[in-house]
Amino acid sequence: MAKFVYRMQNILELKQKIEEQEKANFGMATARFNEEQQKLRELMIRQAGYERQLKELSIGNIDIKEIKTCKNAISSMKVALRDQMIELSKAQKAMENARKKLNEVMMERKMHEKLREHAFEEFIEEMDYEEGKITDELVSYSYFNSEKEEG
């Protein structure tokens, strides 16, 4: 029996390799997004700590220098939070772009796999047809020879 050879197998393999690369890219983009999200949480916690410290400094003996230092720290934290939110947004956009690219590549690979399946089905049908022809020829030959022997 003939062996099935898909003429675009190298393209399918290339699509599979590209998909693996895009999966890795998406994984890295997701990791970066998670990292930026964690940094944002940590900054929020630090800001909350400074705000709690400011409240405590306002009660009891008031130390103006400490209050100013704490207010400056809160202002710095607000700037850092804003900057971190921008970084988080960039990471989210990069992650979404990587997800879109991965989806496109996956669809292309699936399309090529469908084409391969279709080509394989055609190959099987062709082999069945050829096998049927050979069987018919053998039956005809056998019948013809048996008629000769009888006649």
Side-chain angles (χ1 to χ4, degrees), residues 1-57 66-148:
M1 186 172 173
K3 182 179 176 185
F4 173 69
V5 177
Y6 181 53
R7 61 188 173 91
M8 295 192 305
Q9 184 65 34
N10 56 347
I11 294 173
L12 178 59
E13 290 170 1
L14 180 64
K15 295 293 180 185
Q16 290 169 337
K17 287 178 184 177
I18 291 171
E19 182 179 349
E20 291 302 314
Q21 289 173 342
E22 291 304 324
K23 280 181 182 177
N25 289 342
F26 177 68
M28 289 188 305
T30 302
R32 180 172 173 251
F33 174 75
N34 291 336
E35 185 181 305
E36 297 299 334
Q37 219 172 16
Q38 183 60 33
K39 287 179 185 178
L40 182 65
R41 279 190 217 107
E42 290 170 3
L43 288 172
M44 292 171 105
I45 291 169
R46 283 178 58 195
Q47 182 181 10
Y50 285 128
E51 287 172 351
R52 195 171 35 256
Q53 185 181 358
L54 181 62
K55 273 187 182 177
E56 291 170 6
L57 287 172
E66 281 292 315
I67 291 174
K68 267 189 173 179
T69 303
C70 199
K71 282 185 177 182
N72 287 339
I74 291 171
S75 293
S76 296
M77 294 296 353
K78 285 181 181 178
V79 170
L81 278 169
R82 188 182 68 239
D83 292 345
Q84 187 56 36
M85 289 176 91
I86 291 169
E87 289 302 312
L88 181 63
S89 177
K90 287 179 187 176
Q92 185 175 14
K93 285 178 185 171
M95 183 178 70
E96 288 303 317
N97 288 339
R99 182 189 327 263
K100 285 179 187 175
K101 181 73 173 163
L102 176 60
N103 285 338
E104 289 172 9
V105 168
M106 286 175 70
M107 289 184 64
E108 287 178 17
R109 183 214 14 108
K110 287 178 183 178
M111 179 190 69
H112 279 278
E113 284 180 347
K114 288 284 185 194
L115 289 172
R116 184 184 188 283
E117 288 173 18
H118 185 67
F120 183 69
E121 288 170 4
E122 286 178 355
F123 172 77
I124 295 295
E125 288 174 7
E126 189 176 310
M127 289 294 106
D128 288 345
Y129 176 74
E130 292 296 323
E131 192 175 293
K133 274 179 39 180
I134 291 171
T135 303
D136 287 348
E137 287 174 9
L138 286 174
V139 168
S140 295
Y141 179 74
S142 297
Y143 179 74
F144 182 70
N145 280 341
S146 67
E147 287 289 317
K148 268 186 172 180

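Side chains included, hydrogens not; waters and symmetry mates left out as well; all remaining heavy atoms used.
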Show me the donor-acceptor pairs, under 3.5 Å and distance only, between side chains in residues 83-92 and residues at least two apart or in other chains.
| from | atom 1 | to | atom 2 | distance (Å) |
| --- | --- | --- | --- | --- |
| Gln84 | NE2 | Glu36 | O | 3.0 |
| Gln84 | NE2 | Glu36 | OE1 | 2.5 |
| Glu87 | OE1 | Arg32 | NH2 | 3.3 |

Within the structure provided, determine whether Asn97 and Lys101 are in side-chain contact (heavy-atom separation under 4.5 Å). no
Residues at least two apart in sequence or cross-chain that pass salt bridge (Lys or Arg N to Asp or Glu O under 4.0 Å) with Arg99, listed by chain then number, are Glu96
Arg52 and Lys55, any side-chain heavy atoms less than 4.5 Å apart: no
Residues forming a salt bridge (Lys or Arg N to Asp or Glu O under 4.0 Å) with Glu35, sequence neighbours excluded: Lys39
Pair up each side-chain donor or acceptor in residues 68-78 with any protein partner under 3.5 Å, not counting sequence neighbours, and list the distances.
| from | atom 1 | to | atom 2 | distance (Å) |
| --- | --- | --- | --- | --- |
| Thr69 | OG1 | Lys65 | O | 2.9 |
| Asn72 | ND2 | Lys68 | O | 3.4 |
| Ser75 | OG | Lys71 | O | 3.2 |
| Ser76 | OG | Asn72 | O | 3.0 |

Only counting residues at least two apart or in another chain, list the ones meeting side-chain hydrogen bond (donor to acceptor under 3.5 Å, both in side chains) with Gln53. none
Under the side chain to side chain donor-acceptor pair (under 3.5 Å) definition, can you give me all pairs with a residue in residues 16-31, not counting sequence neighbours? Glu19-Arg109
Assess whether atom CE of Met8 is packed by more than 12 heavy atoms of other residues, nucleotides or ligands within 6.0 Å. yes
Return the set of residues passing side-chain hydrogen bond (donor to acceptor under 3.5 Å, both in side chains) with Arg41 (not counting sequence neighbours), or none when no residue passes. Gln38
Test ring pair (Phe, Tyr, Trp, His ring centres under 6.0 Å) applied to Tyr6 - qualifying residues, sequence neighbours left out: none
Partners meeting side chain to side chain contact (heavy atoms under 4.5 Å, CB included) with Lys133 (sequence neighbours left out): Tyr129, Glu130
For the residue pair Met106 and Leu102, establish whether any side-chain heavy-atom pair is separated by less than 4.5 Å. yes
Do Glu125 and Asp128 come within less than 4.5 Å of each other through their side chains, counting heavy atoms only? no
According to salt bridge (Lys or Arg N to Asp or Glu O under 4.0 Å), who are the partners of Glu108, at least two apart in sequence or on a separate chain? Lys15
For residues 8-50, which residue pairs pass the ring-ring contact (aromatic ring centres under 6.0 Å, His included) check, not counting sequence neighbours? none
Parallel, tilted or perpendicular: which fits the ring planes of Phe123 and Phe4, with parallel below 30° and perpendicular above 60°? tilted
Spatial distance of atom NE2 (His112) from atom CG (Leu14) [nearest 0.5 Å]: 9.0 Å
Rounded distance [0.5 Å steps], CD in Gln47 versus CG in Leu43: 9.0 Å
